[in-house]
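Here is the structure we will look at, set down as structure tokens.
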There are 2 protein chains.
Amino acid sequence: MASDHTRSAILAAAERLYADRGFGDVTLRDIVAEAGVNLAAVNYHFGSKDELIAELFVTRSIATNRERLRELKAAEEQGGGRAPIEVILHALVGPTLRGCLGPENQRSTAARFMIRASIESVPPIRRIKNREIDHLRKFAGAMRRALPDRSDVDIYWGLNFALAMAHHTIRESERLTKLSEGKCDLDDVEDVVARVVSVATMALTAGRAETKAPARVAAR
Amino acid sequence: MASDHTRSAILAAAERLYADRGFGDVTLRDIVAEAGVNLAAVNYHFGSKDELIAELFVTRSIATNRERLRELKAAEEQGGGRAPIEVILHALVGPTLRGCLGPENQRSTAARFMIRASIESVPPIRRIKNREIDHLRKFAGAMRRALPDRSDVDIYWGLNFALAMAHHTIRESERLTKLSEGKCDLDDVEDVVARVVSVATMALTAGRAETKAPARVAAR
DNA sequence: GATAGTTTCATACAACTGTTTGAATTGCAA
DNA sequence: TTGCAATTCAAACAGTTGTATGAAACTATC
């Protein structure tokens, strides 16, 4: 136990460097230099480089997931065990988007780190993401309760598309800004959330016919 | 010139290995061993490892982009310079999805390579992707012609969401299969394409009011 | 204030990386 | 066949990486 000073200095320095330069070209030596500690300290306190990365990512994603579930639970309780689909989707994508987007100059280190984690996907992070399924199932359950007429398949596709829009917008936010010549304002986070929720809601509530029978659009 | 045998053996071996094991842990030595050539051959024929990766990726994405534009051009010509939005979106996401999804056991090496490239995102590939903007602008133009009443902002968001759904579905196909316990059939590529196109079309054609004024969903 | 346990440190280690070199080999043209 | 260029090869290079070690410096307890 004791001071914990070195430990947290490493965590802070690592998060900052990974956020700024990505996982690819940040070495342990960079981290300990930034933290002002000895090279051996990382292995002493965390066991290995991968475990350091994992701890950083777990900490942040636990926070996001807790926030998600808090919103979801509150909404379902308020609705007597069943929340409107928009509110569920809002709870799903809101915390993530709020945690990663927003004016670039006031973006927290944590936010920038999570964007990196979303873009680069190194092994220790991938391993953790794979355990996220149980968490997502809770949302699938809530969505099923909100839309009892929908098939499971449609529910899962809706969930998939909602996450797709949120994560892709985070990953490619720079490109979207460039492509739209700044017309798409990614700093207005609540507008982004609203757009994602709106489209995902439509995907989940639109007449099934259109979704199922593709109308076989003139392919070629 | 000459035989070109070594060159193409390297390309094939590299694509196979990257497809199978990812960029992270495939070394030049792995590649030359698989190709049955000398270590120095990569630098002799390609200049560097990154240029080898770049050539692989460029070749495949040029093919996809050409297919996209072919479909787009055909559709616009048939409609006298203006194609229906569904058809445009179909041309945008169809080739990519068709190139990456489909029954796993009959998935081409090229397809698996492109999935990897979509997941891992190493520097040489990222550099190439950044040059894709001009290509996307052509689709933005076609979409504007198809939906003259829509604002540019809405067009770009629709384009962004369409790509989001396609790419995320490719990236996370394994997770979606697991999450849905196999209920979402990712082998039925045309169904996936139809779903993506359908949702993106809704996003682009839905009443603007709903999209713009978020209805301020009960946040908390 | 000696002692036991924790933490820090400089340093070495061992392995792997992409790249280069210069000689050997090959293939083709004169 | 001779000569010249293109290609292949084994070997070494130069650098970096994460990790391990064992001594030194702390810190708190008795």
Side-chain angles (χ1 to χ4, degrees), chain A residues 1-58 113 116-117 120-128, chain B residues 1-58 113 116-117 120-128:
Chain A
M1 286 292 133
S3 75
D4 250 7
H5 171 272
T6 304
R7 220 188 116 85
S8 46
I10 291 172
L11 283 171
E15 187 167 55
R16 212 173 322 141
L17 287 177
Y18 285 142
D20 286 344
R21 319 211 305 250
F23 298 98
D25 46 47
V26 171
T27 71
L28 279 190
R29 283 166 178 82
D30 293 332
I31 294 173
V32 298
E34 175 87 356
V37 303
N38 187 270
L39 175 58
V42 171
N43 288 278
Y44 178 78
H45 285 281
F46 298 92
S48 71
K49 187 196 190 185
D50 278 10
E51 290 177 79
L52 166 61
I53 295 179
E55 176 157 338
L56 276 170
F57 185 71
V58 164
F113 173 81
R116 283 287 178 191
E120 287 193 31
S121 170
V122 289
I125 289 184
R126 231 171 309 164
R127 257 171 267 146
I128 294 163
Chain B
M1 285 292 134
S3 76
D4 250 5
H5 170 274
T6 304
R7 221 188 115 85
S8 46
I10 291 173
L11 283 171
E15 187 167 55
R16 214 173 321 140
L17 287 177
Y18 285 141
D20 285 345
R21 319 211 306 250
F23 298 98
D25 45 48
V26 171
T27 70
L28 280 188
R29 282 167 178 82
D30 294 332
I31 294 171
V32 297
E34 174 88 357
V37 303
N38 186 270
L39 175 58
V42 172
N43 288 279
Y44 178 79
H45 285 282
F46 299 91
S48 71
K49 187 195 192 187
D50 277 10
E51 289 176 81
L52 166 60
I53 295 179
E55 175 156 339
L56 277 170
F57 185 71
V58 163
F113 172 82
R116 283 287 178 192
E120 288 192 33
S121 170
V122 288
I125 290 183
R126 230 170 310 162
R127 256 170 268 146
I128 294 163

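In this text, all values refer to a predicted model and were calculated from it rather than measured experimentally. We name chains A, B, ... by the order of the sequence lines, and we start the count at 1 in each one.
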Restricting both atoms to N or O, compile the protein contacts to nucleotides 14-18 of chain D shorter than 3.5 Å, with distance only.
residue	atom	partner	partner atom	Å
D/dG18	OP1	A/Lys49	NZ	2.5
D/dG18	OP2	A/Leu28	N	3.0
D/dG18	N7	A/Arg29	NH1	2.9
D/dG18	O6	A/Arg29	NH2	2.9

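- Scanning all heavy atoms of the two residues, the minimum distance from B/Arg116 to B/Asp20 falls at NH2-O, 3.0 Å.
- Atom OH of B/Tyr44 and atom P of C/dT21 are 15 Å apart (whole Å).
- Judged as a salt bridge (charged side-chain N to carboxylate O under 4.0 Å, His left out), and not counting sequence neighbours, the contacts of B/Arg21 are B/Asp30.
- Remark: C1' of D/dT8 and CZ of B/Arg7 are 16 Å apart, rounded to the nearest angstrom.
- At the phosphate of D/dT7, neither OP1 nor OP2 sits under 4.0 Å from any side-chain N or O atom of B/Thr6.
- OP1 or OP2 of D/dA6 has not a single side-chain nitrogen or oxygen of B/His45 nearer than 4.0 Å.
- The nearest whole Å value for the distance from the CG atom in B/Leu52 to the P atom in C/dT17 is 15 Å.
- B/Asp50 contributes atom CG, which lies 5.5 Å from atom CZ of B/Arg127 (distance to the nearest 0.5 angstrom).
- In terms of modelled atom types and a separation under 3.5 Å, the side chain of A/Ser121 and the main chain of A/Ala117 share no donor-acceptor contact.
- Formation of a donor-acceptor pair under 3.5 Å by the B/Glu120 side chain with backbone atoms of B/Phe23 is found in this model.
- One finds the CG atom of B/Leu52 at 7.5 Å from the CG atom of B/Leu28 (value rounded to the nearest 0.5 Å).
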Are any protein N/O atoms closer than 3.5 Å to N/O atoms in nucleotides 22-26 of chain C? If there are, list each pair with its distance.
none

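- In this structure, CD1 on B/Ile31 lies 8.5 Å from CD1 on B/Ile10, to the nearest 0.5 angstrom.
- For the pair B/Asn38 and D/dT7, the criterion of a side-chain N or O lying under 4.0 Å from OP1 or OP2 is not met.
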Open item on the list: Assess the residue pair A/Phe46 and A/Leu11 against the criterion (side chain to side chain contact (heavy atoms under 4.5 Å, CB included)); give the C-alpha distance rounded to whole Å, side-chain angles, the decisive distance to 0.1 Å, and a yes or no.
Closed with: CA-CA 10 Å; A/Phe46 298 92; A/Leu11 283 171; 3.7 Å; yes

